**Q** 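Input: one structure, supplied below.
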Number of protein chains: 2
Amino acid sequence: MDTNLTGGAGTYDVSAFDRPSVAVDVAAITARGDRLHILLVRRGVWPFEGRWALPGGFVKMDEDLDTAAHRELCEETGVAGASYLEQLYTFGAPNRDPRTRVISVAYYALLPGPDSALRREGRAMVACEPEAGTDAAEARWWPVDSLPPLAFDHNAIVATALSRLRAKLGYTSVAYALLPEEFTLTELQRVYEVILAQELDKRNFRKKMLAAGILDTVPRQKREGAHRPAQLYRFTKREAVFLDD
Amino acid sequence: MDTNLTGGAGTYDVSAFDRPSVAVDVAAITARGDRLHILLVRRGVWPFEGRWALPGGFVKMDEDLDTAAHRELCEETGVAGASYLEQLYTFGAPNRDPRTRVISVAYYALLPGPDSALRREGRAMVACEPEAGTDAAEARWWPVDSLPPLAFDHNAIVATALSRLRAKLGYTSVAYALLPEEFTLTELQRVYEVILAQELDKRNFRKKMLAAGILDTVPRQKREGAHRPAQLYRFTKREAVFLDD
DNA sequence: TTAATAGTGTCTCTTAGACACTATTAT
DNA sequence: ATAATAGTGTCTAAGAGACACTATTAA
C-alpha cells in the first residue's frame, strides 16, 4: 500500500487509508400543545429496521455539512422550512453503527409550529419533494417526554439537543424560530414554558422580554375567542441575537 | 457499483460511496506570563509546507474521537498532560483542505503552565514518546494575540476555541485546568484576567470565588519574595463544574 | 525602613422574583 | 352577566461592581 502522505506538492494518495463514513443527523424540534416535539422517521432497512430514528444520512463528497443537514431533513421528512439550524456535536464512538465506522455530525433544527400550534393541533410539515430511494418509511412528530427507544445513539443526540436549546433560550433570542412572524406575548411565554418545562410569572416575563429590546410592536391585534384581544409583536431580528447588548 | 444499502440484515457494502477523510485538530491552550498561548507545529509537508498549524491528523478506523485528539496532540508535540479536552466544533467546508475532502473535528485542550508560568517563563511540555513518521517538523507555543497566518482554516478554529473558553470561564470552574493543583488567589485571578483580557477588582474577585464554594483552603502558604506569604487553595473537584449549585 | 504583595468591608445600584387586580371582548 | 384571556406595578432580596487601606514578609 502506497501511503504517499509525505510527497511533494500536489501528491497525496487519497485511497491510502481506510476512512470512516460521515453522516449528519438532525433533531428537528417544534412546540405544539404544551409539549416539545421531535421529528422522527421509522427505519425501513437494517440496521434497526422498524425502529424510530432521527432523519439523517451520509454527507456527499462536495457538500457542506450544513447543506447536508438541510437536505437530509427535507428528503426524509418533507420538512423544508427550518428557521434555525445549528451544529450540535459530533458523535464518533467506534461502534455506534453496526454497519461500519460512521461518524455523525449532529444538528438541531427549530421550526415554528402549525398556525396556533400553541393552542390546537394541526399539520406542521411544509411541502418538499422527497427524492426517490430514501430509507425513511414514515415520518412523525413525537412528544419529547415520551419517545420510543431510538436507533443508534439517537436518544443521546436528542438529549444533547434539548439541553442546548434550553441553555440558548436563556441568553439568546432563539425562541423566534419556534414562533410565527407575529405572535402575542402569551404565545411567546408559552414557548418558554414548554422548553423550560416550568411555569413562568406573567408580569415578570413580560417585563423582561420588553426590556430586552428584541421585540417590535406591530400595529395589530389578535382577536380570538370571547375575551380581550392581544397585542401582536415580532422579533426585531429573525436570528438568534445575544441578550444584554 | 453495487450500492447495497437496502439489503437485509447484516448486508452493507462499505465501499459503495466515496467518503471524506476525518481528522482531528487540537487547539492546546495555556497561560504564561500575561498572555494566553497556543501550541502550534510547523508543517513539514505539502500542503502549507512551512506554515504553522494546529497539531492534528487523521482519525484511525477504530479510535474514539477524543482518543484521536489526545493521540495527535501527544504525537506531534510531545504534550501528554492535557488536563482538559473538549470537542469544539466540526469544520467541514468542502475545500478547506486542498488534498481531498477532509472533515475536521476540532478540540481544545487546556494545560497548566510550567511552574509559576504566571510570573516567569519556563518549559511547558511534558514528556511523551513521539511516534516515528510524524509530519510535524517543530512545535512551539505562540501568544494568541500575535499568531502567524495558519494553515487550512486553523485561524478560525483558534478563534472558536478562545471564545468558547471565555464563555465557559463565566459559568464553570474550567480554570482549574490552567493551574497547578495548589495555587494562590492572585494566581487564579491572573488566569481570569489573561483569558478575559481585562483587569479584575481584587476584592470582588476573591469574594466571588470563595462564595462559589469550589475552592478548598490548603493548610499551607506560598512564600516567595520580600512580601507577605499567600494562602494556598485547590479546587474541590478537578473538573469543570457549573457554578451556582 | 522600604518595597512588594496579601488580605479585608461597605455602600450603591441593578436585577430577579413574589405577588393580585382591572380591562376588554363574545356570547 | 359571565367566562375567558390581556394587561399592568410595587416591594424585597440578592448579586455586581466601585472603591482604599492595613498586614506581613525579606532585604
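Reminder, nothing fancy here: chain letters follow the sequence lines and each chain counts from 1. In this text the structure is predicted, and so the values were computed from the model without any measurement.
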**Q** Just N and O in the side chain of B/T186: are any of them under 4.0 Å from OP1 or OP2 of C/dT5?
**A** no
**Q** Please state how far atom CG in B/L215 lies from atom P in C/dG7, giving the value in whole angstrom units.
**A** 13 Å
**Q** Nearest whole angstrom, please: distance from the P of D/dG17 to the CG of B/L200.
**A** 9 Å
**Q** Return yes if some donor-acceptor pair links the side-chain N/O of B/E187 with the main-chain N/O of B/L179 below 3.5 Å, else return no.
**A** no
**Q** Base, sugar-phosphate, or nothing for B/R206, non-hydrogen atoms under 4.0 angstrom?
**A** base
**Q** Can you measure B/D201 atom CG to C/dG7 atom C1' for me and round it to whole angstrom units?
**A** 13 Å
**Q** Measure from the side-chain heavy atoms of B/N204 and tell me the nearest of D/dC19, D/dT25, C/dG17.
**A** D/dC19
**Q** Between D/dA6, D/dC19, C/dG7, which nucleotide gets closest to the side-chain atoms of B/R203?
**A** D/dC19
**Q** Rounded to whole angstrom units, what separation is found between the NZ atom of B/K207 and the P atom of D/dC19?
**A** 13 Å
**Q** Under a 4.5 Å cut-off applied to non-hydrogen side-chain atoms, are A/Y233 and A/L185 in contact?
**A** yes
**Q** How long is the line joining CZ of A/R228 and C1' of D/dG7, in whole Å?
**A** 5 Å
**Q** Between D/dA26, C/dG7, D/dT8, which nucleotide has the shortest distance from any of its atoms to the side chain of B/A226?
**A** D/dA26
**Q** Tell me whether A/R96 is salt-bridged to A/D153, with the criterion being a basic N under 4.0 Å from an acidic carboxylate O.
**A** yes
**Q** In whole angstrom, give the distance that lies between atom CD of B/Q189 and atom C1' of D/dG17.
**A** 14 Å
**Q** Answer yes or no: does a side-chain N or O of A/R223 lie under 4.0 Å from OP1 or OP2 of C/dA26?
**A** yes
**Q** Taking CG from A/L185 and C1' from C/dA23, how many angstroms apart are they, rounded to a whole number?
**A** 16 Å
**Q** Under 3.5 Å, side chain of A/R234 to main-chain N/O of A/V218, donor-acceptor pair present?
**A** no
**Q** Kindly indicate whether the side chain of A/K208 and the base of C/dA16 share any N or O donor-acceptor pair separated by less than 3.5 Å?
**A** no
**Q** Inspect the contact between B/K222 and B/E182 and indicate whether a charged nitrogen and a carboxylate oxygen are less than 4.0 angstrom apart.
**A** no
**Q** Starting at CD of A/Q221 and ending at C1' of C/dA23, how long is that distance when rounded to a whole Å?
**A** 12 Å
